[in-house]
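Order of the sequence lines fixes the chain letters, A, B, ..., with proteins taken first and strands second; residue numbering starts at 1 for each chain. Because the structure is predicted, anything quoted here is derived from the model rather than measured.
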Amino acid sequence: MIEIRSLSAKLGGAPVLHDIDATIAPGRVTALVGPNGAGKSTLLAVIGQLLKASAGSVTLDGADLSDMPPPERARRLAILRQNTTITPRLTVADLVGFGRYPHSGGRLDDADLRIVDACLAELDLSALAGRHLDTISGGQRQRALIAMTLAQTPRALLLDEPLNNLDLGHVRRVMEVARTRARAGVAVVVVLHDLSIAARFADALIALKAGRVFAAGRPDEVITGPTLSALYDTPIDVHEVAGSRVVLT
Amino acid sequence: MRARAAIAAGLVVLIAASLFTGVGSITADAEGLWLVAVSRAPRTAAALLAGAGLAVAGVIMQMLARNRFVEPTTAGTAQAAGLGLVVVTLVAPGSALWLKMLAATAAALVGTAGFLAMVRRLPPQEPLLVPLTGLVYGGILGAATTFLAFERDLLQFLDIWMNGEFSGVLLGRYEFLWAAGAASALAFVYAGRFTIAGLGEDASLNLGLRYGQVMALGLALVSVITAVTVVTVGMIPFVGLVVPNIVSRLRGDNLSATLPLVALSGAALVLACDILARLLRYPYEIPVGTVLGVLGAGLFLWLLHGRPAHGRG
Ligand SMILES: Nc1ncnc2c1ncn2[C@@H]1O[C@H](COP(=O)(O)OP(=O)(O)OP(=O)(O)O)[C@@H](O)[C@H]1O
Ligand SMILES: [Mg+2]
């Protein structure tokens, strides 16, 4: 369980997040949505301790994340950034293996390697394991980065726009993996722009607008025409198709 | 593994060649042994230590700067070490060698930290801006050094530091290079962490790496290796650039796996160039820095030209 209390944060001196309160329960996939610039990535960065909060606190299972030693934090929490450029020439398997670093300290034992193999398989990367990252496609690279966070076997998994560059089949696969992790007791947060996907795969939503929580609740509470229209300042219709909500602009 | 074994075998041949190459032939008597012990063996060891050290320093620097076109002589580290050396020579002429070493290391540390702070702000999609910045920065430091040396009549010393050579290496006059060897050995322990640092600050922090500490350690290792080399044998360009880049092409950048190959190849390259330096105008010698200047620049251009797509080199 991630508990965010009265959290504020600044970027380059400018306030970006204002007094955020939210609870992210384990066992569920929580979608974090909102317009460009709303503060989604900033919120994830603050939870993941990549950015210091200017006020407020974030706890994971009751422990304050800001004063946890980095290696211990990395065993409990994994974060995928929206944009990651990997400059070293690594193989897919090397990269995913680094996900075990917080646990192994660099020397992978058999159990670590089994986890790495499982994560590669989960994201359909087994055949690419030996390929260098500069010789695979953008979506394949994105999947490798996701697999690295999975290999951390965290209690909290924060994914910032993990579906970037993914085809439909892999969108589904990644969201199903997120759901599987959640069902296994992980607190999963996924930043999404596609609200139809959020409606289909998320158990809870947090909508941010201009650095504040605009709405939060179950998908059927948040994914409605009026709420989304106000959130994005543009007319949005929500339809029910085959038991799932489809969001149209 | 095969590449490592091949390079190791090549090294053995080179070492044998180095021990027997030069003016004065090795004979199986006291005089021959003396020549080996006092001159040839130290010279060979110096080339191996400097070569391995500079290649390791280069690859660490490339991880820290997240750019594969930097190395100590193109990022101001060596120039800063030279500046420190000139300053200490001016302030405290005749000071002990260890003091000069310390001053050069401290200056290299400050100079490299300055470089890394500068390149952090550069846009990552323009990878060539980083070495360009380094060349300009190193040029400024070098010009300041030359100016100081010119003003105070130290130019002849400067010439020695600027252009690396091993002809002056004798027993008792190169041992500081073992510090470069020790620093390189320490780099092996941290190889995995340097690779993670190469993923960038956010990715490192996500993996629980103490990023600041690893950066600081990398900086310290690069500075010690570079300063010790500059003070003992002078600047040797391009080793730190071409060796890691070729290894990267063949084996990738996971330093836990590739650092031995980097160190062995650096040692082999510098030793081979030193043997060439002794033979090209036999019985005269040319500085190994000059040989590597020409050979390294050529290899570098070839690497730049053959850069794979994606702009990631
Ligand atoms: N370095 C910076 N200095 C000042 N403001 C910044 C800086 N970086 C981002 N911002 C601002 O902070 C706000 C939040 O940015 P953030 O990246 O968290 O948005 P986001 O919700 O993730 O948007 P997107 O959907 O586009 O990814 C934006 O308004 C942005 O302009
Ligand atoms: Mg974002």
Using a strict threshold of under 4.0 Å (side-chain N to carboxylate O), is an ion pair present between A/Arg89 and A/Asp134? yes

For residues 40-47 of chain A, dump all side-chain donor-acceptor pairs below 3.5 Å to protein atoms at least two apart in sequence or in another chain.
| unit_1 | atom_1 | unit_2 | atom_2 | d |
| --- | --- | --- | --- | --- |
| A/Lys40 | NZ | A/Gly34 | O | 3.0 |
| A/Lys40 | NZ | A/Pro35 | O | 2.9 |
| A/Ser41 | OG | A/Gln82 | OE1 | 2.7 |
| A/Ser41 | OG | A/Asp160 | OD2 | 2.6 |

Do you know which of A/Arg81, A/Arg100, A/Met148, A/Arg107 has the most heavy-atom pairs under 4.5 Å to chain B? A/Arg81

Can you check side-chain hydrogen bond (donor to acceptor under 3.5 Å, both in side chains) on A/Thr153 and A/Arg76, steps first, answer last? CA-CA 8 Å; A/Thr153 56; A/Arg76 301 197 197 180; over 6 Å; no

With distance as the sole test, does A/Gln152 use its side chain to make a donor-acceptor pair with the main-chain N or O of A/Ile79 at under 3.5 Å? no

Residues of residues 58-66 of chain B contacting chain A, heavy-atom criterion under 4.5 Å, by residue number: B/Met63, B/Arg66

If you tally heavy-atom pairs under 4.5 Å against chain A, which of B/Asn67, B/Asp202, B/Thr195, B/Leu255 wins? B/Asp202

With distance as the sole criterion, is a donor-acceptor pair present between the side chains of B/Thr112 and B/Thr77 under 3.5 Å? yes

Any luck finding a side-chain donor-acceptor pair between B/Ser248 and B/Arg68 under 3.5 Å? yes

Using a cut-off of under 4.5 Å for heavy-atom pairs, which of A/Pro154, A/Ala74, A/Pro69 has the most such pairs with chain B? A/Ala74

Going through the distances and angles, do A/Met1 and A/Arg155 end up as a side chain to side chain contact (heavy atoms under 4.5 Å, CB included)? CA-CA 8 Å; A/Met1 168 121 67; A/Arg155 304 283 310 140; over 6 Å; no

Between chain A and each of B/Leu205, B/Ile196, B/Leu207, count heavy-atom pairs under 4.5 Å; write down the option with the most. B/Leu207

Between A/Arg179 (side chain only) and A/Val29 (backbone N and O only), is there a donor and an acceptor less than 3.5 Å apart? no

Check ion pair A/Arg143-A/Glu122 (N to O, under 4.0 angstrom): no

Using heavy-atom distances under 4.5 Å, tell me whether A/Leu77 contacts chain B through its side chain, its backbone, both, or neither. backbone

So which of B/Gly200, B/Ala191, B/Gly198, B/Ala257 has the largest heavy-atom pair count under 4.5 angstrom toward chain A? B/Gly198

